[in-house]
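Here the structure comes first, spelled out in structure tokens, and everything after it is commentary.
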Amino acid sequence: MAETSLYMRMLPPMSRWILQGGADALSAAARAWPAGLSSEACRARGQGELHALWLGPEEFLLLAPPDHEPRALREALAGMPHSLVDVSHRQVAFEVCGPDCALLLSAACPLDLDAAHFPVGMCTRTVFGKADIVLWRTRADAFHVEVWRSFLPYCTELLAEQVQN
Amino acid sequence: MLLIDCPYCGNRPEIEFTYGGQAHIARPTQPADYDDHQWTEFLYLRDNQRGLRAERWRHSHGCGRFFNALRDTTTDRFHGTYKVGEPRP
Ligand SMILES: [Zn+2]
């Protein structure tokens, strides 16, 4: 399995949470999470190393450096119906980069990844081949891919196959 | 590729979605009052009509949300989607 190459690299370990809740919980969370939460569908917001990725109208993926403890967020949500689940070890992240990154991903991802339709800052859950992934365009020539860890070899080998093609 | 218009995410490829059966089947408000015949109807009997039909779909590899869609069963053409709780257009 290629861990680093011209077209992809593994991203360092991160803390991750899935936040789910209704309108009240999410507006409280948006005030307590430094990056805020996007109210627009399929958009990520970030501040420094803290990020919040819109996954659904009541669901966000929060990313932070390892060992980050979201104390302010927990306090803001106390007493409100919500769920905040640590999924740091459920999934891993890699980056597909370079001028052909969209082309490479397009081989197994059915979305239109042209910058006009999938601009920087856009994020969504989708599929890569048969694997469920979260795709996030961080730069014009780079995508952040979150995948459940057992699907990582499948994704990287599929990607390597596309490079050869 | 068939595109389905998720009410939350917009047009997305069909492969991201899961079919969820006939829409607008209300759960019984007093389940204890149902006899076997009524339970059979609620659980198993569906219209199975030819033509335009309201169905549940879930954007399972996307926002994860259930919504309703009007689809023609003879042409597989989607005539619109709407959120759960909204009336059939
Ligand atoms: Zn959706």
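Any value given below was found using the heavy atoms of this structure, including those in side chains, with hydrogens, waters and symmetry copies removed.
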Among the clusters formed by ILVMFWY side chains lying less than 4.5 Å apart, do [X] and [Y] turn up in the same one?
X: A/Phe60; Y: A/Val147; result: no
X: A/Leu37; Y: A/Trp17; result: yes
X: A/Val145; Y: A/Val127; result: no
X: A/Leu63; Y: A/Ile133; result: no
X: B/Tyr8; Y: B/Ile4; result: no

Could you state the interatomic distance from [atom1] ([X]) to [atom2] ([Y]), rounded to the nearest 0.5 Å?
X: A/Asp112; Y: B/Asn11; atom1: CG; atom2: CG; result: 11.5 Å
X: B/His61; Y: A/Leu111; atom1: NE2; atom2: CG; result: 12.0 Å
X: B/Ile15; Y: A/Lys130; atom1: CD1; atom2: NZ; result: 7.5 Å

task: Before accepting this row, confirm whether a basic side-chain N of the pair B/Arg65/A/Glu59 lies closer than 4.0 Å to the acidic partner's carboxylate O.
output: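 Looking at A/Glu59 together with B/Arg65, the answer is no, because their closest N to O distance does not fall below 4.0 Å.
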
message: Using side-chain heavy atoms (C-beta onward) and a distance below 4.5 Å, is B/Cys63 in contact with A/Trp54?
response: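 B/Cys63 vs A/Trp54: side chains touch.
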
message: Quiz question: by atom type and distance under 3.5 Å, do the side chains of B/Arg12 and A/Thr124 form a donor-acceptor pair?
response: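 Short answer, yes.
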
